[in-house]
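Have a look at the structure below, then the notes.
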Amino acid sequence: MRQPALRWPVPAALADLLPGQYIHGGQRRGKYLLLALDDGHLLLHLGMSGSLRMVAPGQAAGLHDHLDLLLDDGGVLRFTDPRRFGAVLWLTGDPFAHPLLRDLGPEPLSESFDADYLYHRSRGRRVPVKSFLMDSHVVVGIGNIYANEILFLSGVHPLRAAGRIARSRYESVVAMARAVLGAAIRQGGTTLRDFVGGDGKPGYFRQQLQVYGRAGEPCKKCGRLLQEVRLGQRTTVYCASCQR
DNA sequence: ATGCGGACCTGTTAGC
DNA sequence: TGCTAACAGGTCCGCA
């Protein structure tokens with residue numbers, strides 16, 4: 001371990017705990033990764049700049065390499081995170097009972113994420129629908145880029161109060177969320193600068209972006225210039241005529 | 001309970 | 001050209 005100060009301190013005890021344990025498998029919940037070991041789970045989050053990949057044995061650790069898992073076949077699983085928004089925690093007991101995972105909303109590609117759910121969940125809420133969709137307690141996996149895209153494609157204004165959107169419009173939001181996330185996954189994600197997937201390739205979804213990063217450019221549906229506002233310190237781009 | 005703003009961190013880029 | 005400031009991103013936390 002080189003840099004324990006990630007989002008939360010990486011437990012110093014890992015160096016004593018982990019050796020000798022088998023990795024039984026991996027799971028994902030939202031953007032959290034879980035590795036099941038003999039005595040507990042290793043919880044990992046890649047933040048926005050993190051990666052977890054196999055590196056050649058003996059390869060020197062760089063400035064942003066924070067944790068190496070030395071496997072018994074000689075392989076090295078390396079956790080790297082330049083911006084240190086990521087996290088590494090050790091959980092014992094039921095990992096899904098941990099406060100970080102316990103209160104997470106449904107997976108956006110699961111059946112429990114549907115218009116009824118969003119409709120009921122949003123009643124009485126005055127938050128802008130974009131913030132609502134980006135709230136991991138409502139639904140996981142929708143970050144800033146995809147929230148912008150989803151709302152554009154479903155014709156919903158990002159500043160509209162979540163609780164004042166009809167059920168039928170949430171049908172469209174859900175459909176577009178599935179479409180956008182599905183397509184992004186198939187295309188390896190969205191590379192803005194240097195992101196590469198597990199295969200070392202960049203994500204190609206950037207070419208599909210309708211609004212994100214296009215403020216001031218013409219809307220692809222109506223031609224009117226796209227607007228940009230700051231919402232919760234996040235760049236929000238939308239078409240004032242297509243999104244209501 | 002809800003909603004808002006602040007914090008974390010650093011590589012990149014825009015602006016002087 | 002060099003330096004500084006702003007920015008991007010996910011998500012938790014604290015305060016009103």
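Below, chain A is the first sequence line, B the second, and so on; all start at residue 1.
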Taking atom P of B:dT2 as reference, at what distance in whole Å does atom CZ of A:R123 sit?
14 Å
Stacking here means centres under 5.5 Å and planes under 30°; does A:F85 stack on C:dT11?
no
Expressed as a whole number of angstroms, how long is the span from A:E228:CD to C:dA6:P?
16 Å
Given atom CZ of A:R125 and atom P of B:dC4, what is their separation to the nearest angstrom?
9 Å
Could you tell me whether the phosphate oxygens of C:dG10, OP1 or OP2, come under 4.0 Å of any side-chain nitrogen or oxygen in A:Y146?
no
Tell me yes or no: between the side chains of A:R230 and A:T236, is some donor less than 3.5 Å from an acceptor?
no
Is the backbone N or O of A:L17 less than 3.5 Å from a side-chain atom of A:Q21, with the two atoms forming a donor-acceptor pair by type?
yes
Heavy atoms only, 4.0 Å cut-off, all strands: where does A:Y32 land among base, sugar-phosphate and nothing?
sugar-phosphate
Starting at CG of A:L63 and ending at P of B:dT10, how long is that distance when rounded to a whole Å?
8 Å
Check if the side chain of A:R83 and the base of C:dG10 share a donor-acceptor pair of N or O atoms closer than 3.5 Å.
no
Would you indicate, yes or no, if B:dC9 has its OP1 or OP2 atom less than 4.0 angstrom from a side-chain nitrogen or oxygen of A:H64?
no
Spacing of CG belonging to A:L101 relative to CD belonging to A:Q27, to within rounding of 0.5 Å
10.0 Å
What contact category does A:T235 fall into here, base, sugar-phosphate, or nothing, at under 4.0 angstrom with non-hydrogen atoms?
sugar-phosphate
Just so I know, are the side chains of A:L77 and A:D68 near enough to count as touching, which here means a heavy-atom distance under 4.5 Å?
no
Classify A:L46 by what it touches in the nucleic acid, base, sugar-phosphate, or nothing, heavy-atom distance under 4.0 Å.
nothing
Ranking B:dG11, B:dG6, C:dG10 by distance to the side chain of A:Q233, first place goes to B:dG6
Could you tell me how far apart A:M134 (CE) and C:dG10 (P) are, to the nearest whole angstrom?
6 Å
Atom pair distance, as rounded to whole Å: CZ in A:R126 and P in B:dA1
17 Å
Rounding to an integer number of Å, can you tell me how far A:H137 NE2 sits from B:dG3 P?
13 Å
Measure NE2/A:H66 against P/B:dC9 and give the value in whole Å, please.
11 Å
Any base atoms under 4.0 Å from A:R234, or only sugar-phosphate, or nothing? Heavy atoms, all strands.
base
Taking 4.0 Å as the cut-off, does a side-chain nitrogen or oxygen of A:R84 come that near to OP1 or OP2 on C:dT11?
no
Backbone N/O of A:L231 and side chain of A:Q233: donor-acceptor pair under 3.5 Å:
no
Counting the atoms with a prime plus P, OP1 and OP2 as sugar-phosphate, which does A:P128 contact under 4.0 Å by heavy atoms, base, sugar-phosphate, or nothing?
sugar-phosphate
